[in-house]
Enquirer: 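This is the structure I have questions about; it appears just below.
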Amino acid sequence: MAIRPLARRELSIDTAALARFLIGKIVVRELPEGIVSGRIVETEAYVVGDAAGHGYRGMTQRNRSLFLEPGHAYVYVAYGISNMLNVSSGNAGTGTGVLIRALEPLEGIGIMQQNRGTERLRDLTRGPGRLAAALRIDRSLDGLDLCRKGPLWLAHDDHEPGKIGKSIRIGITKDADRLLRFYLRGSPFVSGTKALNV
DNA sequence: AGTTCGATTCACT
DNA sequence: GTGAATCGAACTG
């Protein structure tokens with residue numbers, strides 16, 4: 001079953017709809033050692049007028065990629081250690097995006113194990129910082145167009161995702177009660193506590 | 001120029 | 001379940 005790049009016109013202009021749409025799609029990372037890929041099982045939307053969003057206070061040096069056309073990478077460092085992968089959303093000039101929070105590993109599991117320093121399949125890409133480490137994603141990929149093949153891109157195949165759940169987002173303090181987190185129900189590769197994943 | 005604060009993770013108990 | 005580590009970027013003065 002072939003995988004192909006996501007077309008930009010398939011990406012909803014609505015950030016929450018895009019976050020839901022991305023569940024079941026594939027993140028592809030091309031490394032010198034080979035291809036690493038995983039299926040998206042958890043996302044969060046950071047929408048217009050959202051105090052938790054990095055674009056909320058306007059463009060800065062760090063977040064400028066959020067304001068690109070939909071489907072570009074916004075990569076930033078959280079807590080000084082973990083890289084976070086986001087997909088820019090909304091029309092150009094809109095500082096909104098979708099955080100990719102967890103993947104189900106598909107290809108290149110050996111490379112991921114090396115990048116993560118663990119063998120445990122379930123720990124490779126469960127959590128935004130972990131998946132970025134597994135796919136060796138850092139700020140050098142910030143601003144990349146994810147809708148065309150390259151070092152990092154988004155793909156889809158004929159896979160139909162199962163039921164998608166919705167919850168509050170993880171790890172934020174502002175606008176913390178909005179239901180903007182989406183996840184694949186029953187997936188062992190989703191992060192967060194049991195109560196969030198019903 | 002100094003301070004504050006995380007869109008987290010890991011190692012414990 | 002709880003707590004410490006960790007550092008770059010944004011914000012304040």
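Order of the sequence lines fixes the chain letters, A, B, ..., with proteins taken first and strands second; residue numbering starts at 1 for each chain. Small disclaimer: the values here were computed from a predicted structure and weren't measured.
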Enquirer: Charged N to carboxylate O below 4.0 Å: is that the case for A:R139 and A:D142?
Expert: yes

Enquirer: Any chance the side chains of A:R101 and A:S191 put a donor and an acceptor closer than 3.5 Å?
Expert: yes

Enquirer: Should C:dT6 form a Watson-Crick or G-U wobble pair with both distances under 3.5 Å, which nucleotide is its partner?
Expert: none

Enquirer: For nucleotides 8-13 of chain B, just jot down a letter per nucleotide in 5' to 3' order: B, S or -, based on protein non-hydrogen atoms under 4.0 Å.
Expert: BSS---

Enquirer: Taking NE2 from A:H54 and C1' from B:dC5, how many angstroms apart are they, rounded to a whole number?
Expert: 11 Å

Enquirer: Identify the nucleotide, in any strand shown, that forms a Watson-Crick or G-U wobble pair with B:dA7, with both distances under 3.5 Å; if there is none, say none.
Expert: none

Enquirer: Does A:H54 have its ring centroid less than 6.0 Å away from the ring centroid of A:Y76?
Expert: yes

Enquirer: Hey, are A:D14 and A:S12 close enough side-chain-wise for a donor-acceptor pair under 3.5 Å?
Expert: no

Enquirer: Taking for each residue the nucleotide of DNA chain C with the nearest heavy atom, is it A:T193 or A:T60 whose nucleotide lies nearer the 5' end?
Expert: A:T193

Enquirer: Is any side-chain heavy atom of A:S167 closer than 4.5 Å to a side-chain heavy atom of A:R181?
Expert: yes

Enquirer: For A:R62 and B:dT4, give me the distance from atom CZ to atom C1', rounded to whole Å.
Expert: 13 Å

Enquirer: Nearest-Å distance, CG (A:N86) to P (B:dG6)?
Expert: 17 Å

Enquirer: Expressed in angstrom and rounded to an integer, what is the separation of A:R139 atom CZ from B:dA7 atom P?
Expert: 14 Å

Enquirer: Could you state the atom-to-atom distance from CD1 of A:I100 to C1' of B:dA7 in whole Å?
Expert: 12 Å

Enquirer: Is there a side-chain contact between A:E44 and A:I100 in this structure, where contact means two heavy atoms from C-beta onward sitting under 4.5 Å apart?
Expert: no

Enquirer: Expressed in angstrom and rounded to an integer, what is the separation of A:L66 atom CG from B:dA7 atom P?
Expert: 12 Å

Enquirer: Can you measure A:R57 atom CZ to C:dT12 atom C1' for me and round it to whole angstrom units?
Expert: 13 Å

